[in-house]
There are 2 protein chains.
Amino acid sequence: MPPRPCCDALSTWLEPGTLRALGDPSRATILLRLAGADGPQTVGQLAAGLPVDMSVVSRHLKVLRDVGVVTAERRGREIRHRLDCADLVHMLRNLADALEACCELAPAAPVPLAATTGTTPTTREDPA
Amino acid sequence: MPPRPCCDALSTWLEPGTLRALGDPSRATILLRLAGADGPQTVGQLAAGLPVDMSVVSRHLKVLRDVGVVTAERRGREIRHRLDCADLVHMLRNLADALEACCELAPAAPVPLAATTGTTPTTREDPA
DNA sequence: GACATCCTTGCGTCTCCATGCAAGTTTCAC
DNA sequence: GTGAAACTTGCATGGAGACGCAAGGATGTC
């Protein structure tokens, strides 16, 4: 089978490393706290609200830094962490686009007639 | 700290289970093959091009079905698998939007004016 | 019915990783 | 210098999961 353009894009943007980093519940909680905080957070601040040791939080933050989702800046004794969403948002949107393109090209059943895949099933709905 | 709207959305769309399912290299390969194929693929077809046992592919497909990324349809002896991107694309886009909103609200540097690092900020209503 | 094909599941193994504790490193205060 | 605070890292442990093999359904063919 010839390679498809959508497949190239998909292989580019489907990054198991980044997705796995986001796929851990503890790291997801840390991301949520970083997102909900009023500014950069220290390791101690993040660990204070979590039921795990500070060393665990430190290691999770390293994983998140390694995939570029979090950046850190030394400030005296403290190290202030903040979300760095730009690359991640870019990746997620490109991944979504690539998936959508692939699914539009490969419908469920082999199209028997000129059945256009007209309905774009992008149900936009957000929580309250 | 008070919850922010973007944080609510983020906690809604940051699904560790789905992200973890996508975060395995073998499963990513399976997804790529499903995306690049010309139509629904059987377990045997998918396993044929992978260096793992068919039972492994079968289990990976079950994981992908459980998170709604892949659907299966029995066809005689065979079970035809295909990508089911709609929900995943929806999730990825909402996750990207939520992340972007959070990062716009929490810039790198803390707010200079009248924002002492105390418990001052109570639910700043965001423009977005 | 018997048999083959396609796939799933039970089981044992092995690797990875999340975690906690303790020790080490870096920075600031004195 | 000494000491404290804020993190990081080394080490051990427990659990989850990825894998292969073999046995067990499910379905079609004869």
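Lettering follows sequence order; numbering is per chain, from 1.
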Looking at A:D53 and A:R59, is any side-chain nitrogen of the basic one under 4.0 Å from a carboxylate oxygen of the acidic one?
no
Does the side chain of A:I79 come within less than 4.5 Å of A:R75's, by heavy atoms?
no
Are the side chain of A:T18 and the backbone of A:E15 linked by a donor-acceptor contact shorter than 3.5 Å?
no
Would you check, one step at a time, whether the test salt bridge (Lys or Arg N to Asp or Glu O under 4.0 Å) holds for A:D97 with A:R93?
CA-CA 6 Å; A:D97 290 347; A:R93 292 206 168 119; over 6 Å; no
Is the shortest heavy-atom distance from the side chain of A:V70 to the side chain of A:D84 under 4.5 Å?
no
Could you check how far CG of A:D24 sits from C1' of C:dC16, rounded to whole Å?
13 Å
For the helix from C:dG1-D:dC30 to C:dC30-D:dG1, how many degrees between its two end axes (five pairs per end), to the nearest 10°?
20°
Heavy atoms under 4.0 Å, any strand shown: does B:P25 hit a base, just sugar-phosphate, or nothing?
nothing
Indicate for each nucleotide in nucleotides 2-10 of chain C, in 5' to 3' sequence, whether protein heavy atoms under 4.0 Å reach the base (B), only the sugar-phosphate (S), or nothing (-).
--BBSBSBB
For D:dT27, does OP1 or OP2 lie under 4.0 Å from any side-chain N or O of B:R75?
no
Interatomic distance, A:E73 CD vs C:dT27 C1' [rounded to whole Å]:
15 Å
Rounded distance (Å) that lies between atom P of D:dA16 and atom CZ of A:R20
16 Å
Could you tell me whether the side chain of A:L61 reaches within less than 4.5 Å of the side chain of A:R65, counting heavy atoms only?
yes
Output side-chain donor-acceptor pairs under 3.5 Å for residues 25-32 of chain A, partner residues at least two apart or in another chain, one line each.
unit_1	atom_1	unit_2	atom_2	d
A:R27	NE	A:A21	O	2.7
A:R27	NH1	A:H60	ND1	3.2
A:T29	OG1	A:P25	O	2.9

Looking at side-chain heavy atoms only, is the closest gap between A:L14 and A:L95 below 4.5 Å?
yes
Are OP1 or OP2 of C:dC17 and a side-chain N or O of A:H60 less than 4.0 angstrom apart?
no
